[in-house]
**Student:** 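Quick one: the structure is below, and I'll ask about it shortly.
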Amino acid sequence: MDLRFTPEERAFRQEVRTFFQENLPQEIRQKMIDGRHPSKDDIVTWQKILNKKGWAVPNWPVEWGGTGWDPVRQYIFLDELQSFPAPSPLQFGVYMVGPVIAQFGNEAQKKHFLPRIANIDDWWCQGFSEPGSGSDLASLKTKAVREGDHYIVNGQKTWTTLGQYADWIFCLVRTDATVKKQEGISFLLIDMKTPGITVRPIQTIDGGHEVNEVFFDDVKVPVENLVGQENKGWDYAKFLLGNERTNIARVGVSKQRIRRLKELAAIERVGDTPILENPRFREKLAALEIELKALEMTQLRVVAAERTREKGKPDPASSILKIKGSEIQQATTELLLEVVGPYALPYVSEDEGDEPLSNEPPVGPDWAGPAAPTYFNWRKISIYGGSNEIQKNIIAKAILGL
């Protein structure tokens, strides 16, 4: 298998890089370099810029705004986006519910939702996880009972990322409790303004308000908002999660984080010596770079295999990308803490209106501020999108045949 890029592919990479340099607002890019969360306005601004260029939904069918890029060009685009770094288009719309609607939705759903998702006219969130139904997602208890032209939905979703901004939520709901648990689930699109929906914030260990719990109390959802067939939602969820786990490797993110680590380690000193020149630190950094290069090669093999993979069928190798990608991302935050040292101790939550987590004013350089929050926040990476333990089971069964 030849994993080298062609001259045309290298030229495409330069085209993408040049577009980012000329069009991403510098204040947004600097926020990304510093390891701070882009705001809702930052994401909306950037996605609209991408959509005007025709690049907001590169993984979609051409008739719904997709680029027609082959898997290699899609990979190059994502790699440049993450390593530049620039904010990702809203994941829940572009990489999750959008492809599901494009693949399994009816024509009315495609015409209404897909253009709005591409231009981020609607903000979407994901309603999968529930209390007691995390890695065992198929055990979900949120029910949808059909009454005439509506489903009546009751239940609770949790860890709903950015749900406080959402106009719509895509949900897995139980529509048949008499069959095997995977066979009684449906995929619903629900307007967050519908009466009976309550969103409550969950404050995370880094002090931020990124996730929420969402309650449904006799929420009426039109039957026309059912995606595909009733009780086939588990199939659509597997399709969605296969896409999510491929993107979740975030090789470009780790590239940028290592590049930033080197820059900061060259600034910070122990005595008169930059941390970057410390032999033990250099060993750790080199080992991490080697692991990242191996992950990148694995991802390229998965990308190359997509040419022959059955359309719509997730590649079980995406579980490998998810496991190793999450471990490497977490390792970059651990090395950053080594660089920041005692400056990581006092920090203030970034979310507007939150109380400071320390009564002492922040000390040290500005770039040290996000180090501890990022370290704590990124513990979640090995859990969401299917915990790493579950991914190992998938690998054992689907790849190793155990």
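Fair warning: this is a prediction, and the values are worked out from it, not measured in the lab. Only this structure's heavy atoms are used, side chains among them; waters, hydrogens and symmetry mates stay out.
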**Student:** What do the steps show when you test Thr175 against Val145 for side chain to side chain contact (heavy atoms under 4.5 Å, CB included), and what is the final call?
**Tutor:** CA-CA 6 Å; Thr175 44; Val145 178; over 6 Å; no
**Student:** Give the intermediate values and the outcome of side-chain hydrogen bond (donor to acceptor under 3.5 Å, both in side chains) for residues Ser88 and Gln91.
**Tutor:** CA-CA 7 Å; Ser88 172; Gln91 293 276 347; 3.0 Å; yes
**Student:** Is the shortest side-chain heavy-atom distance between Gln256 and Val253 below 4.5 Å?
**Tutor:**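 Answer no - side chains too far apart.
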**Student:** First locate atom CZ of Arg379, then atom OG of Ser382, and finally report the distance between them rounded to the nearest 0.5 Å.
**Tutor:**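 The OG atom of Ser382 is 7.5 Å from CZ of Arg379, to the nearest 0.5 Å.
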**Student:** Arg282 side chain to Leu276 main-chain N or O, any donor-acceptor pair under 3.5 Å?
**Tutor:**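 Confirmed, Arg282 side chain pairs with Leu276 backbone.
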**Student:** Are Asp167 and Lys193 ion-paired here, with the side-chain N under 4.0 Å from a carboxylate O?
**Tutor:**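 A salt bridge is absent here (no side-chain N lies under 4.0 Å from a carboxylate O).
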**Student:** Look at the side chain of Gln103 and the backbone N and O of Gly98, then say whether any donor-acceptor pair between them is shorter than 3.5 Å.
**Tutor:**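 Not confirmed, Gln103 side chain does not pair with Gly98 backbone.
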**Student:** Going by the rule side chain to side chain contact (heavy atoms under 4.5 Å, CB included), which residues pair with Glu291 if we only count those two or more places apart in sequence or in a different chain?
**Tutor:**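 Partners of Glu291 under the side chain to side chain contact (heavy atoms under 4.5 Å, CB included) test: Lys324, Ile328.
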**Student:** Quick one, Leu335 and Phe281 - any side-chain contact, counting heavy atoms below 4.5 Å?
**Tutor:**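 Yes, close enough: below the 4.5 Å cut-off.
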**Student:** Taking only Lys NZ, Arg NE, NH1 and NH2, and the carboxylate oxygens of Asp or Glu, determine whether Glu334 and Lys284 approach each other closer than 4.0 Å.
**Tutor:**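 Not counted as a salt bridge, because no side-chain N and carboxylate O are separated by less than 4.0 Å.
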**Student:** If you count heavy atoms of other groups shown closer than 6.0 angstrom to CH2 of Trp234, is the number above 12?
**Tutor:**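 Enclosed: over 12 neighbouring heavy atoms sit under 6.0 Å from CH2 of Trp234.
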**Student:** Is a donor on one side and an acceptor on the other found under 3.5 Å between the side chain of Ser133 and the backbone of Leu137?
**Tutor:**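 Side chain of Ser133 to backbone of Leu137, a donor-acceptor pair under 3.5 Å: no, none is there.
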**Student:** Any ion pair linking Glu210 and Lys380 (charged N to carboxylate O, less than 4.0 Å)?
**Tutor:**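 Judged by the 4.0 Å cut-off on N to carboxylate O distance, Lys380 and Glu210 do form a salt bridge.
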**Student:** Rounded to the nearest 0.5 Å, how far apart are CG of Asp136 and NZ of Lys181?
**Tutor:**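 Interatomic distance, Asp136 CG to Lys181 NZ, rounded to 0.5 Å: 3.5 Å.
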**Student:** Measure the spacing between CH2 of Trp124 and CE of Met96 and express it to the nearest 0.5 Å.
**Tutor:**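 Here the interatomic distance stands at 13.0 Å.
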**Student:** Under the rule for side-chain hydrogen bond (donor to acceptor under 3.5 Å, both in side chains), what residues qualify as partners of Thr161, not counting sequence neighbours?
**Tutor:**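 Thr161 satisfies side-chain hydrogen bond (donor to acceptor under 3.5 Å, both in side chains) with no residue once adjacent residues are dropped.
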**Student:** Does atom NZ (Lys293) have a neighbourhood of more than 12 heavy atoms from anything else shown, all under 6.0 Å?
**Tutor:**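 No, not enclosed.
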**Student:** Taking side chain to side chain contact (heavy atoms under 4.5 Å, CB included) as the test, write out the residues that go with Asn225, two or more places apart.
**Tutor:**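 Here the qualifying residues are Trp168, Leu189, Val221, Pro222.
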**Student:** Quick check: does any side chain N or O of Thr6 sit under 3.5 Å from a backbone N or O of Glu9, one acting as donor and the other as acceptor?
**Tutor:**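 Side chain of Thr6 to backbone of Glu9, a donor-acceptor pair under 3.5 Å: yes, one is there.
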**Student:** Please examine the side chains of Lys157 and Phe128, heavy atoms only from C-beta on, and report whether any two atoms are closer than 4.5 Å.
**Tutor:**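 The answer is no, as the side chains (C-beta and beyond) never meet within the 4.5 Å cut-off.
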**Student:** I'd like to know if Lys48 pairs up with Asp121 as an ion pair, taking the criterion as any Lys NZ or Arg NE/NH1/NH2 lying under 4.0 Å from an Asp or Glu carboxylate oxygen.
**Tutor:**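 Salt bridge flag = yes for Asp121 with Lys48.
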**Student:** With no hydrogens and no angle check, is any side-chain donor or acceptor of Gln156 less than 3.5 Å from a backbone partner on Phe216?
**Tutor:**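 A pair under 3.5 Å: no.
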**Student:** With a cut-off of 3.5 Å and sequence neighbours excluded, list every side-chain donor-acceptor pair involving residues 392-402.
**Tutor:**
none

**Student:** Quick one: do the Ser326 and Asn388 side chains pair a donor with an acceptor below 3.5 Å?
**Tutor:**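 Asn388 and Ser326 do have a side-chain donor-acceptor pair below 3.5 Å.
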**Student:** So does Ala56 get a backbone contact from the side chain of Gln47, meaning a donor-acceptor N/O pair under 3.5 Å?
**Tutor:**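 The answer is no, because no donor-acceptor pair under 3.5 Å joins these two groups.
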**Student:** Please give me the minimum heavy-atom distance between Pro99 and Asn59, naming the atom from each residue.
**Tutor:**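 Looks like CG-ND2, 3.6 Å.
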**Student:** Which pair of non-hydrogen atoms, one from Lys110 and one from Pro115, has the smallest distance, and what is that distance?
**Tutor:**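 Scanning both residues, the minimum pair turns out to be O-CD, 3.4 Å.
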**Student:** Taking the side chain as C-beta and beyond, is there a heavy-atom pair between Thr142 and Asn154 under 4.5 Å?
**Tutor:**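 They are not in contact (no side-chain heavy atoms under 4.5 Å apart), so the answer is no.
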**Student:** Evaluate the criterion side-chain hydrogen bond (donor to acceptor under 3.5 Å, both in side chains) for residue pair Thr18 and Gln14; output intermediate values, then yes/no.
**Tutor:** CA-CA 6 Å; Thr18 299; Gln14 186 57 52; 3.1 Å; yes
**Student:** Taking NZ, NE, NH1 and NH2 as the nitrogens, is one of them in Arg73 or Asp70 under 4.0 Å from a carboxylate oxygen of the other?
**Tutor:**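 Salt bridge between Arg73 and Asp70, a charged N being under 4.0 Å from a carboxylate O: yes.
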**Student:** Let me confirm one number: the CD1-CD1 distance from Ile383 to Ile390, rounded to the nearest 0.5 Å.
**Tutor:**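 Answer for the CD1-CD1 pair, Ile383 versus Ile390, is 12.0 Å.
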**Student:** Check whether the side chains of Ser387 and Gln391 place a donor and an acceptor atom closer than 3.5 Å, and report yes or no.
**Tutor:**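 Distance-only check fails for Ser387 and Gln391.
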**Student:** In Å, rounded to the nearest 0.5 Å, how long is the span from OG1 of Thr158 to CG of Asn212?
**Tutor:**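 It is 8.5 Å, given to the nearest 0.5 Å.
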**Student:** Quick check: closest heavy atoms across Ala249 and Gln329, and the distance to 0.1 Å?
**Tutor:**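 Nearest heavy atoms, Ala249 then Gln329: O-NE2, 3.5 Å.
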**Student:** Does a side-chain heavy-atom distance below 4.5 Å link Ile43 with Trp123?
**Tutor:**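 Yes; the side chains approach each other to less than 4.5 Å.
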**Student:** Does the pair Arg260 and Arg257 meet the rule for a side chain to side chain contact (heavy atoms under 4.5 Å, CB included), with working shown?
**Tutor:** CA-CA 5 Å; Arg260 183 65 170 162; Arg257 298 290 291 185; 5.6 Å; no
**Student:** Out of curiosity, Tyr236 OH to Ser186 OG, how far, rounded to the nearest 0.5 Å?
**Tutor:**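 Here the interatomic distance stands at 8.5 Å.
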**Student:** Compare all side-chain heavy atoms of Leu240 with those of Phe170 and state whether any distance is below 4.5 angstrom.
**Tutor:**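 Yes. Closest side-chain heavy atoms under 4.5 Å.
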**Student:** Please report the shortest heavy-atom distance between Ala86 and Leu24, naming the atom on each side.
**Tutor:**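 Looks like CB-CD2, 3.7 Å.
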**Student:** Looking only at heavy atoms, which two atoms of Thr160 and Gln126 are closest? And how far apart?
**Tutor:**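 Distance-wise, the nearest heavy atoms are CG2-O, 3.6 Å.
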**Student:** If you define the side chain from C-beta out and look only at heavy atoms, does anything of Asp176 sit under 4.5 Å from Ile185?
**Tutor:**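 Asp176 vs Ile185: side chains apart.
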**Student:** Within the side chain of Arg269, is there an N or O that forms a donor-acceptor pair under 3.5 Å with the backbone of Ile275?
**Tutor:**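 Between the backbone of Ile275 and the side chain of Arg269 there is no qualifying donor-acceptor contact (under 3.5 Å).
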**Student:** I'd like to know if the side chain of Thr374 reaches the main chain of Ala371, judged simply by a donor and an acceptor atom lying under 3.5 Å from each other, with no hydrogens or angles considered.
**Tutor:**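 Between the backbone of Ala371 and the side chain of Thr374 there is no qualifying donor-acceptor contact (under 3.5 Å).
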**Student:** Are any of the side-chain heavy atoms of Arg13 and Arg17 separated by less than 4.5 Å?
**Tutor:**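 A side-chain contact under 4.5 Å exists here.
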**Student:** So for atom NZ, which belongs to Lys220, do other residues, nucleotides or ligands contribute more than 12 heavy atoms lying within a distance under 6.0 Å?
**Tutor:**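 It does not: Lys220 NZ has 12 such atoms or fewer within range.
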**Student:** So, Arg301 versus Thr298: side-chain donor-acceptor pair below 3.5 Å or not?
**Tutor:**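 Distance-only check passes for Arg301 and Thr298.
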**Student:** Would you confirm whether Thr45, through its side chain, and Asp42, through its main-chain N or O, come within 3.5 Å as a donor-acceptor pair?
**Tutor:**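 Here the side-chain-to-backbone pair does not exist.
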**Student:** Could you check Tyr151 against Val219 for side chain to side chain contact (heavy atoms under 4.5 Å, CB included), going step by step and ending with a plain yes or no?
**Tutor:** CA-CA 8 Å; Tyr151 288 101; Val219 176; over 6 Å; no
**Student:** Look at the side chain of Arg174 and the backbone N and O of Ala144, then say whether any donor-acceptor pair between them is shorter than 3.5 Å.
**Tutor:**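 Checking the backbone N and O of Ala144 against the side chain of Arg174, no donor-acceptor pair under 3.5 Å is found.
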**Student:** Quick one: closest heavy-atom pair of Leu81 and Trp46, and the distance?
**Tutor:**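 Smallest heavy-atom distance, with atoms named: CD1-NE1, 3.7 Å.
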**Student:** Could I get the full list of side chain to side chain contact (heavy atoms under 4.5 Å, CB included) partners for Lys180, not counting sequence neighbours?
**Tutor:**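 Here the qualifying residues are Gln182, Glu183.
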**Student:** Taking ring-ring contact (aromatic ring centres under 6.0 Å, His included) as the cut-off, I'd like each qualifying pair that reaches into residues 48-75, sequence neighbours left out, listed once.
**Tutor:**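 Sorted pair list: Phe12-Trp69, Phe19-Trp55, Trp55-Trp69, Trp55-Phe77, Trp69-Phe77.
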